[in-house]
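Working notes, structure below.
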Amino acid sequence: MKAIIIDDEKHVREGLLLLAEWDKHGITTILEAEDGDEAIELITKHRPEIIFTDMRMPKRDGITLLKWLHTSDLTSKTIVVSGYDDFEYMRNAIQYKSFDYILKPIEPDVLNETLDKAVKEWNEQARSRKSQVEENRVMNEVKPIYWDRIFSSLCANESMTGEMVEKVEKEFGVSLPNLQKTVALLPIKPIVMKSFQGDRDLAFFTLINICNELLRKQNDGVCFRNSNKEEELVVLFWNDKNVTYLLEEIYSLIYQYSKVLAVIALGEKSKKVNAAYQSALEVYSKSTLIEQKKIVTHKDVKQGPLLHLLDHSNELKWAIRSGSEEHVQSQLNEVFSLLERKHTLSIEQLQVWDDQFKQLRNNWLEEYETRRKEPFYLGSDYWNEDGSFSYRKYKDEKSKEFIDLIQTLTQAKYQKEKNNMQHIAAYLQQHYQEDINLQDIADRFYLSREYISRKFKQDYGATITDYITNIRMEKAKKLLENPYLKIYEVAYGVGYGNEKYFSKVFKKHAGVTPNEYRHAQI
């Protein structure tokens, strides 16, 4: 702790130095000044906690010094020491918040009692200031998380309470329910990988600050992290006049910082945050990754069927069973070629591939009765250094996943034969279009009807009839995505000769009629 003694008389300064119990209060540095000008210079430089000052001094007197201290940002405690029992000095000392006022000649007991009180009060206030600073720090850290969750909940479900409306209006100065909103989504995975060395939290923190600094200028909206998704940055606009301009600015600022070309998905306007978000999410999920653009909208969404890896499971399975990496790669190349020629390379397509690959892998591991402790290879870097999507890298990564799987299966000590129920399940998957009954299966596999019925349900949780029906309904759903097929053609294609009976079974399974299901997919 530091103190300063300001007096033009040297013997007064020496007296204070001798009489005050400095060590008792942890005051290790004591400065001296002969007038107000010198005092201001020392106080500004050293910022002492305790200030003793005379009132009558040359150049700048005590009253002028008190005025300066009163307007400064110092937290010092000022004790006026004067030989004049004058009301005017007392009045100014009180007006400018000096801690105390003592008269010369100085009595040691009075001096040390006053110093003790001043130090204690300064320490108490310092603790309070430190607590307030810590509280403010915590609030500043928690506040963005709070608003992330508030706005993320609005994206997930349009249940905005009156309390939320008031809080948003107080914080951002807008009545959110009364405004047209637009949402833009910024996928940050390429930015995280290429510019932040995988540090997702740092990427979010940086990008949110960049966006919000721009949005706050005219209160156009807010940028936040979608707490319901791992890698989704959301920009919510409530002023739709400057949306395109602001997104181009955001794109430019992010590129300047990260040197990554971030594609921004822009949805359509709506008074509901959830509807605006879902619109942007559709653009983000379904727009092509091949054509690199700054901002993609619904105009860039290309409707078309998704490639289902499950449709190629038999060919891939036999390639894997061969144990030949070349055979697997050759089969994969055929699938990749089909994907590139007839389907849209979109985020949705990538997700469908990953989900179905995991399903196939689990099925094959179960079939081979093989377990693996270490995690499988996960290919996720499909991006060039500038953030653009690379189909070549995507194929390489997905191929590595398959090769990792085939190595696991071929390195197993032995491969057990499929059990009878697995043979039956495989047979049903291949012959679901045919009129199959339990007796036919019993005859084919030389097992009793009772055993098949009991064991199959035990292993698969469904009867033979229900299992066939589930296969037929899932195949029917895929066929219904083709608007050119008639309902009776779909029915026949999955093994039903009667359209009405097919429709009845489909509604029981899916909860809607085939026509209703088809319209829901459009």
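Being a predicted model, the structure only gives us computed values, none of them experimental. We count residues from 1, following the sequence as given.
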**OP:** Could you tell me whether Glu231 and Arg200 have a side-chain N and a carboxylate O separated by less than 4.0 Å?
**Re:** yes
Original post:
Under 4.0 Å between a Lys/Arg side-chain N and an Asp/Glu carboxylate O for Lys167 and Glu163?
Top reply: yes
Subject >> Under the side chain to side chain contact (heavy atoms under 4.5 Å, CB included) test, residues paired with Leu289 that sit two or more places apart >> reply: Ile347, Leu350, Phe389
Subject >> Pairs involving residues 256-279, ordered by first then second residue, that meet salt bridge (Lys or Arg N to Asp or Glu O under 4.0 Å) (sequence neighbours left out) >> reply: Asp240-Lys269
**OP:** Could you tell me whether a side-chain N or O of Lys181 sits under 3.5 Å from a main-chain N or O of Leu176, the two making a donor and an acceptor?
**Re:** yes
Original post:
Are Asp73 and Arg47 within salt-bridge range, i.e. N to O under 4.0 Å?
Top reply: yes
Original post:
For Glu124, which residues count as a side chain to side chain contact (heavy atoms under 4.5 Å, CB included) partner, sequence neighbours excluded?
Top reply: Arg127
**OP:** Take atom OH of Tyr391 as the centre, draw a 6.0 Å sphere, and report whether it contains more than 12 heavy atoms from other residues, nucleotides or ligands.
**Re:** yes
Original post:
Can you list every ring pair (Phe, Tyr, Trp, His ring centres under 6.0 Å) pair that touches residues 144-169, not counting sequence neighbours?
Top reply: Trp147-Phe151, Trp147-Phe172, Phe151-Phe172, Phe151-Phe224
Original post:
Which pairs, with at least one residue in residues 34-44 and sequence neighbours excluded, count as a side-chain hydrogen bond (donor to acceptor under 3.5 Å, both in side chains)?
Top reply: Asp37-Arg60
Subject >> Interatomic spacing from CG in Leu345 to CG in Leu339 - rounded to 0.5 Å >> reply: 5.0 Å
Original post:
Which salt bridge (Lys or Arg N to Asp or Glu O under 4.0 Å) pairs, counting each pair once, include a residue from residues 353-362, with sequence neighbours left out?
Top reply: Asp354-Lys398
Subject >> Those residues that, when tested against Lys293, pass salt bridge (Lys or Arg N to Asp or Glu O under 4.0 Å) (two or more places apart) >> reply: Asp300
**OP:** Check side-chain hydrogen bond (donor to acceptor under 3.5 Å, both in side chains) between Ser227 and all other residues, then give those that pass, not counting sequence neighbours.
**Re:** Ser152
Subject >> Heavy atoms of other groups near Glu481 CD, more than 12 under 6.0 Å >> reply: yes
Subject >> Sidechain N-carboxylate O distance under 4.0 Å for Arg392, Asp396 >> reply: yes
Original post:
More than 12 heavy atoms of other residues, nucleotides or ligands under 6.0 Å from CD of Glu366: is that the case?
Top reply: no
Original post:
Quick one: do Lys302 and Glu291 make a salt bridge, cutoff under 4.0 Å?
Top reply: yes
Original post:
Taking only residues two or more places apart in sequence, or in another chain, which ones meet Glu113 in a side chain to side chain contact (heavy atoms under 4.5 Å, CB included)?
Top reply: Lys117
**OP:** List in chain and number order the residues that pass side chain to side chain contact (heavy atoms under 4.5 Å, CB included) with Ala156, two or more places apart in sequence or in another chain; answer none if no residue qualifies.
**Re:** Asn228
Original post:
How about Asp61 and Thr64: does a side-chain donor come under 3.5 Å of a side-chain acceptor?
Top reply: yes
Subject >> Listed partners of Glu166 passing salt bridge (Lys or Arg N to Asp or Glu O under 4.0 Å), at least two apart >> reply: none
Original post:
For Tyr251, what residues pass the ring pair (Phe, Tyr, Trp, His ring centres under 6.0 Å) criterion, not counting sequence neighbours?
Top reply: none
